[in-house]
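What follows is a single structure, written as structure tokens, with notes after it.
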There are 2 protein chains.
Amino acid sequence: MLSERQRLILNAIVDNYIHSAEPVGSRTISKREDIGFSSATIRNEMADLEELGYLEQPHTSAGRVPSTKGYRFYVDNLIKPHMLSDLELSKLKQLFAERIHHFEQVIDYTAQILSHVTNYTAIVLGPEIFEQRLKHIQIVPLNETQAVAIVVTNTGRVENKLIDLPQGVRPQEIEKLVNLLNSKLTDVPLWQLRQRLYQEVAGEMRRHVEQYEEMLQILEESLQRQEGERVYLRGATKIMDQPEFRDVDKVKDILELLEQNDQLVHLFGPPTEGITVRIGQENQLDAMKECSIITTSYYIGGKPVGTVGILGPTRMEYSRVITVLNYLAEGLSRMLTSQFEK
Amino acid sequence: MLSERQRLILNAIVDNYIHSAEPVGSRTISKREDIGFSSATIRNEMADLEELGYLEQPHTSAGRVPSTKGYRFYVDNLIKPHMLSDLELSKLKQLFAERIHHFEQVIDYTAQILSHVTNYTAIVLGPEIFEQRLKHIQIVPLNETQAVAIVVTNTGRVENKLIDLPQGVRPQEIEKLVNLLNSKLTDVPLWQLRQRLYQEVAGEMRRHVEQYEEMLQILEESLQRQEGERVYLRGATKIMDQPEFRDVDKVKDILELLEQNDQLVHLFGPPTEGITVRIGQENQLDAMKECSIITTSYYIGGKPVGTVGILGPTRMEYSRVITVLNYLAEGLSRMLTSQFEK
DNA sequence: TGTTAGCACTCAACCGCATCGAGTGCTAAA
DNA sequence: TTTAGCACTCGATGCGGTTGAGTGCTAACA
């Protein structure tokens, strides 16, 4: 367990390093107002903290830098709440002032604002498809052999897929089928769709629809491909503002990762209640070993539907970002709930 | 006008620089098989070429580097057709082998393959909305006050928009309206929709639909917002493989530009028949002054629907990229035509 | 007259070396 | 227990010399 003084010093070092990006020496710390000890005392404590694994030394005659463990302790125990500045507040409020109807635009704009306010990369996932319910299904024939299947959810999200029609199917047949599907499947959660398709629709279909076999298969296929979450990425280049990422190779690793949307979902892990912080090597992916990721969930009517997150260097302003994320996720949830709940 | 020998030398210099990324000296050139002159002769010619503006010298005791004018002459007059290697061919054919139904997926996959084959950044725009025709329109009420308006085009593209309903509108009204719209507007090109809405539907609507005014306004709004072209960007990080972009600041300028989709449309300019090459400062945007962009159009049934392009350093393999783009655009056009034409 | 060998010159890149200074660990005194 | 003092470490910075690729110019050559 760390002594009170050790905590004080660790806190001072992390704070300082976050803002300077330079290894911090004992003198710098001893001159801080909140510290009343000489540099020599600090040096002793620093040596101890290093032995305990909270600090690291780039080389013998340099100051100390927090280790992953150091940041972890800082985030878990030392962090002080950040007060949002007027500027931050006014930027954030832009989002809520805007009256955007389109779900995807709201989310995209959220990511944009978030990156702009924090000066880090913003990533927003959402919405979790399996929380959504079917509102309407439609099949639009394009020509003899092709059609578009369209699924609309209660949140106003529209998924569509091009499908091949069985030979010689008649428009009336399709219409009949669509009516059947809508009467049976409306308000069913998306993840149950395939199951319910067999339970409740298949029997009826066999009786009323020609080419029952083919159509069923096509339907299943088109319901299956609902992608999971969509990824909204903004401010990816912000990472290059950080002095520790002045190196093209480092940046490249990170941006390449960000280019692959599927990897991002991995990075975020399962949605959790409240703020989650992943620091440096705590992220499995190697390219992220010098980055931290802070995430939280947003809700519609109390149900989590997606995740918002910030990606920055391990040396990121944890306190500020956490406050911003909390504020934003709460506001976003309120906004979405009032707009999209049932 | 350049002499035959000057062309030969300019060609050799550009070729060499493209592959080495180092300023080329007279000795290097004189040793090439296709050149039969001593380094001294080459030096004289190089001095002339520099005076004429085709070459530049980073500093006195360095070799020469092609200027924008030099590249331009190379591209217009000297380039030799590139033979696609087996590897390139097999990668390109992956695209045509795949049987993807979804338009957007085809385009996205195209960008992916293109970047992978060329090792440069690939950008694909499309499809041009105004070439598409309305296939089906649908309005799905979500609750008392909101609905989703969905527009399906003949290429299978689906656009959707959340709309506010006028107070107290009845579902039957909406159904009536949708039927009316579909019967009047099917097969109308998207760009004519608004106009035709007034010409052909408004009168009928007034007679048959309650809350005529509000609905008309809402409809117009929802048809209006059809975004122009979509942008598919792949391999943005490839630029960092280039030795002249080892500098984070340069890379940042470029990637920031690429993050803004609207800027990209600018960059491509209006679609043209055949290959277009924009070299260095020929691009208006300052961040692009060390980049070249090669574009060409792709077609559905003989009509241009979008643009594919490659972004690389000015020192890019023009010949190879042009061949790849030609081959790919042709194949893509064939593929899309067989799949989507009316 | 065009080409080429030869040569002096230029200049970025590289290397070694000395210096500087921020920061350390240790010791001894307060 | 704290702190002043001091020797020590080592990256960063700066400077002079060397190297070598490449040039322009001149004079000889075919």
Side-chain angles (χ1 to χ4, degrees), chain A residues 2-10 12-17 19-67 70 243-244 246-247 315, chain B residues 1-10 12-17 19-67 70 243-244 246-247:
Chain A
L2 295 188
S3 72
E4 196 51 43
R5 195 168 69 186
Q6 284 174 323
R7 289 159 164 262
L8 203 63
I9 290 171
L10 180 57
I13 292 174
V14 176
D15 261 6
N16 227 279
Y17 186 61
H19 292 107
S20 73
E22 303 271 297
V24 265
S26 50
R27 238 181 81 85
T28 321
I29 298 299
S30 77
K31 274 195 287 191
R32 278 177 59 126
E33 292 180 1
D34 55 340
I35 306 273
F37 309 97
S38 78
S39 61
T41 311
I42 309 283
R43 276 205 289 284
N44 285 328
E45 295 286 22
M46 278 165 109
D48 289 350
L49 283 169
E50 185 172 355
E51 232 166 75
L52 292 168
Y54 294 96
L55 297 179
E56 280 164 2
Q57 221 174 357
H59 58 266
T60 339
S61 70
R64 302 305 207 289
V65 161
S67 65
E244 55 266 63
R246 302 293 320 173
D247 176 23
R315 189 187 59 73
Chain B
M1 204 49 206
L2 295 188
S3 72
E4 196 51 44
R5 195 167 71 188
Q6 285 174 322
R7 287 159 165 261
L8 202 65
I9 290 171
L10 180 56
I13 292 173
V14 177
D15 261 7
N16 226 281
Y17 185 62
H19 292 107
S20 73
E22 303 272 299
V24 267
S26 50
R27 240 181 78 85
T28 320
I29 297 300
S30 78
K31 274 196 286 191
R32 279 177 60 127
E33 292 181 359
D34 54 340
I35 307 272
F37 308 97
S38 76
S39 61
T41 310
I42 311 283
R43 275 203 291 284
N44 286 328
E45 295 286 21
M46 280 165 107
D48 289 349
L49 284 170
E50 186 173 355
E51 232 164 75
L52 292 168
Y54 294 97
L55 296 178
E56 281 163 3
Q57 219 173 357
H59 59 266
T60 339
S61 71
R64 301 306 207 288
V65 160
S67 66
E244 55 265 63
R246 302 294 321 172
D247 176 24

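In what follows, every heavy atom counts, from backbone to side chain, and hydrogens, waters and symmetry copies are set aside. Below, chain A is the first sequence line, B the second, and so on; all start at residue 1.
- Applying the 4.0 Å criterion to OP1 and OP2 of C/dT3, one finds that B/T41 has every side-chain N and O outside that range.
- For the pair B/H59 NE2 and D/dA21 P, the computed distance is 13 Å after rounding to whole Å.
- The interatomic distance linking A/K31 (NZ) with D/dT3 (P) rounds to 16 Å, in whole Å.
- In this entry the distance linking CE of B/M46 with P of D/dC25 reads 15 Å, nearest Å.
- DNA chain C is contacted by both A/P23 and A/A40; A/P23 maps to the nucleotide lying nearer its 5′ end (nearest heavy atom per residue).
- Among the nucleotides D/dG24, C/dT4, D/dG22, the one closest to the side chain of B/A47 is D/dG24.
- Separating the CZ atom of A/F37 from the P atom of D/dT1 is a distance of 13 Å, rounded to the nearest angstrom.
- Residue A/R27 places no side-chain N or O under 4.0 Å from the OP1 or OP2 atom of D/dA4.
- Applying the 4.0 Å criterion to OP1 and OP2 of C/dC11, one finds that B/T60 has a side-chain N or O inside that range.
- In this entry the distance linking CG of A/N44 with P of C/dG25 reads 8 Å, nearest Å.
- Taking atom CD of residue A/E50 and atom P of nucleotide C/dT24, one finds them 10 Å apart after rounding to whole Å.
- Screening A/K31, A/R43, A/R64 for a side-chain hydrogen bond (donor to acceptor under 3.5 Å, both in side chains) with A/S26, the sole residue that qualifies is A/R43.
- In this structure, A/S26 does not reach the C/dG23 phosphate: none of its side-chain N or O atoms is under 4.0 Å from OP1 or OP2.
- Taking atom CD of A/E45 as the reference point, atom P of D/dT2 lies 8 Å away to the nearest angstrom.
- Between A/R64 and the phosphate of C/dT24, there is a side-chain N or O to OP1/OP2 separation shorter than 4.0 Å.
- For B/R43, no side-chain nitrogen or oxygen approaches OP1 or OP2 of C/dG6 to under 4.0 Å.
- Counting heavy atoms from C-beta on, the side chains of A/R315 and A/P243 come closer than 4.5 Å.
- Using a 4.5 Å cut-off on side-chain heavy atoms (C-beta onward), B/L55 and B/L10 make contact.
- Relative to the side chain of B/S61, the nucleotides C/dT4, D/dG24, D/dA21 differ in distance, and D/dA21 lies closest.
- In this structure, the CD1 atom of A/I42 is 9 Å from the P atom of D/dT3, given to the nearest Å.
- Looking at heavy atoms from C-beta onward, A/L2 lies in side-chain contact with A/Y54 at the 4.5 angstrom threshold.
- Residues B/Q6 and B/M1 are not in side-chain contact: their nearest non-hydrogen atoms beyond the backbone lie 4.5 Å or more apart.
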